[in-house]
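To start, the structure itself, in structure tokens.
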2 protein chains.
Amino acid sequence: MAKAVTEKTISRKKQIVSVATRLFHEKGYHATSMRHLAEQLGMEAASLYNHISGKDELLQQICFDMATHYNAHMEQVENASSTAIERVEKLVRFHIGMMLSHFEEVYVTNRDWKHLKEPLLANFLQQRKAYEKRFATLVEKAVLSREIQAVHPHAAVLTILSAVRGIEFWQRNPRNISAEQLEEDMVKILLNGLRK
Amino acid sequence: MAKAVTEKTISRKKQIVSVATRLFHEKGYHATSMRHLAEQLGMEAASLYNHISGKDELLQQICFDMATHYNAHMEQVENASSTAIERVEKLVRFHIGMMLSHFEEVYVTNRDWKHLKEPLLANFLQQRKAYEKRFATLVEKAVLSREIQAVHPHAAVLTILSAVRGIEFWQRNPRNISAEQLEEDMVKILLNGLRK
DNA sequence: ATATTTTACTAACAAGCGTTAGTTTTGCAG
DNA sequence: CTGCAAAACTAACGCTTGTTAGTAAAATAT
């Protein structure tokens, strides 16, 4: 054999996914063409197919990478020794942190997962649903132990997850307020909103 | 003259915009083709151009309709005789109501405004920015009159607007919880979160 | 150094896109 | 009933899309 699937092969592929993430974020999945993507990488569109099977795969890589990342963190939070409300706060801060440090991937996943193709679309949706369920269970525990007020756990999760998503507006216009203050204010509103 | 621009002409155009809204919501702006849109209306793609100038115009109609709607309501709230926090609550409930009653238009506007073409894209962004500014001013007044805790007004607006956007997840899966309870829980979390 | 594999290239495909031109049908006004 | 405008049709345009085939260059292993 000539070269195992090591370093450079992988790094080239990762590079492609990385640039694709940026373009998908800027223009959206369907409005991004393989030719434009190739151009940004200094190559021809046809050459991309030496590294990936098709445009689909790029979106898959992004979305399922995120899903795996989220699930891994959820496991970690569930296994930590904390009160229920502390776990919820950890999740809130994690999601805020992801929006700040992995903005483009999160953004693309949130907006373009709809364009995944069918066996994987169902898989993705199921993972997302399961994640929200685990999140809701943690909120429910905090309600039952009277650490927070009586809200429907699903409504709380919905509110939290989407509030955090709003950081995308801040990313477009980050001058008014620092990332740290945004995080603190957002945690303040959401956690104080849940408390009694 | 044969027929003024009345009833039927307008209603046909509105019908087109209405179906386009549904398709844009389902598939996104770029993934929706004029041929598919026409098919859903029982006509040929070319016939659409007797009613609209192009695909762009459909997106414009949707986005600027929403912007006008929002601005009109903002004016109404500003002129109402209420405390600052009451105004904020009115806005929160208005946005929740819009997500529930005009879901598809709001969704498409939120996601696809990026694809507006240039003189109008700038116009839209400026309107959006101005709206957020007016919203933030109301929050700031509530902070200054000590009705709510000291948060950065922009962070609060960001949190509120995006939390409400999360109703799109509920729309996909409305069995777990009623619209009314969702609204009450969301208002509870957000308003209680703002209060001291 | 040679053999082998990986990666890039050029050229082209079939399909789909938004849109226009020209024509026929429909439907209301006089 | 006639005339005219609105709204549908067919056909086609130029262009872009994702992707494949075949080949040349580059990089690696022995």
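So you know, we letter chains A, B, ... as the sequences are listed, proteins then strands, and number each from 1. Everything numeric here is computed off the predicted structure, so don't read it as measured data.
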| query | Near DNA chain D, under 4.0 Å by heavy atom, which residues of residues 20-33 of chain A? | reply | T32(A), S33(A)
| request: Please determine if a side-chain N or O atom of H36(A) lies less than 4.0 Å away from the OP1 or OP2 oxygen of dT16(D). | output: no
| said: Output the rounded distance in Å from CG (D56(A)) to P (dG18(D)). | reply: 10 Å
| Mutual orientation of the aromatic rings belonging to F24(B) and Y29(B) [parallel < 30°, tilted 30-60°, perpendicular > 60°] | perpendicular
| request: Side-chain contact test, heavy atoms from C-beta onward, threshold under 4.5 Å: evaluate it for V77(A) versus H73(A) and give yes or no. | output: yes
| How close do R111(A) and H25(A) get, heavy atom to heavy atom, and via which atoms? | NH2-O, 3.6 Å
| Pairing of E26(A) and R22(A) as salt bridge, 4.0 angstrom limit | yes
| Under 4.5 Å between any side-chain heavy atoms of L48(A) and M34(A), yes or no? | yes
| message | Side chains of Q127(B) and N123(B) only: does a donor on one sit below 3.5 Å from an acceptor on the other? | response | yes
| request: Grab the OH-P distance between Y49(B) and dT20(C) for me, whole Å please. | output: 7 Å
| query | Any ion pair linking R134(A) and E75(A) (charged N to carboxylate O, less than 4.0 Å)? | reply | yes
| query | For L48(B) and dT19(C), what is the distance between atoms CG and C1' respectively, to the nearest whole Å? | reply | 11 Å
Check nucleotides 10-13 of chain C against the protein and report each pair of N or O atoms closer than 3.5 Å, with its distance, or say if there are none.
residue: dA12(C); atom: N6; partner: R35(A); partner atom: NH2; Å: 3.4

| L41(B) has an atom CG; how far is it from atom P of dA8(D), in whole Å? | 9 Å
| query | What's the CE-P distance between M43(B) and dA6(D), to the nearest Å? | reply | 15 Å
| message | What is the separation between atom NZ on K55(B) and atom P on dG16(C), rounded to the nearest whole Å? | response | 15 Å
| task | Can you tell me the distance, in whole Å, between the CE atom of M34(B) and the C1' atom of dT19(C)? | result | 9 Å
| query | Does the K27(A) side chain pair with the main chain of S33(A), one donor and one acceptor, at a distance under 3.5 Å? | reply | no
| task | In plain terms, say whether R165(B) and E168(A) are close enough for a salt bridge, that is, a side-chain N and a carboxylate O under 4.0 Å apart. | result | yes
| In whole angstrom, what separates K13(A)'s NZ from dA8(C)'s C1'? | 18 Å
| query | Does a distance-only test, which skips hydrogens and angles, find a donor-acceptor pair under 3.5 Å between the side chain of N50(B) and the base of dA6(D)? | reply | no
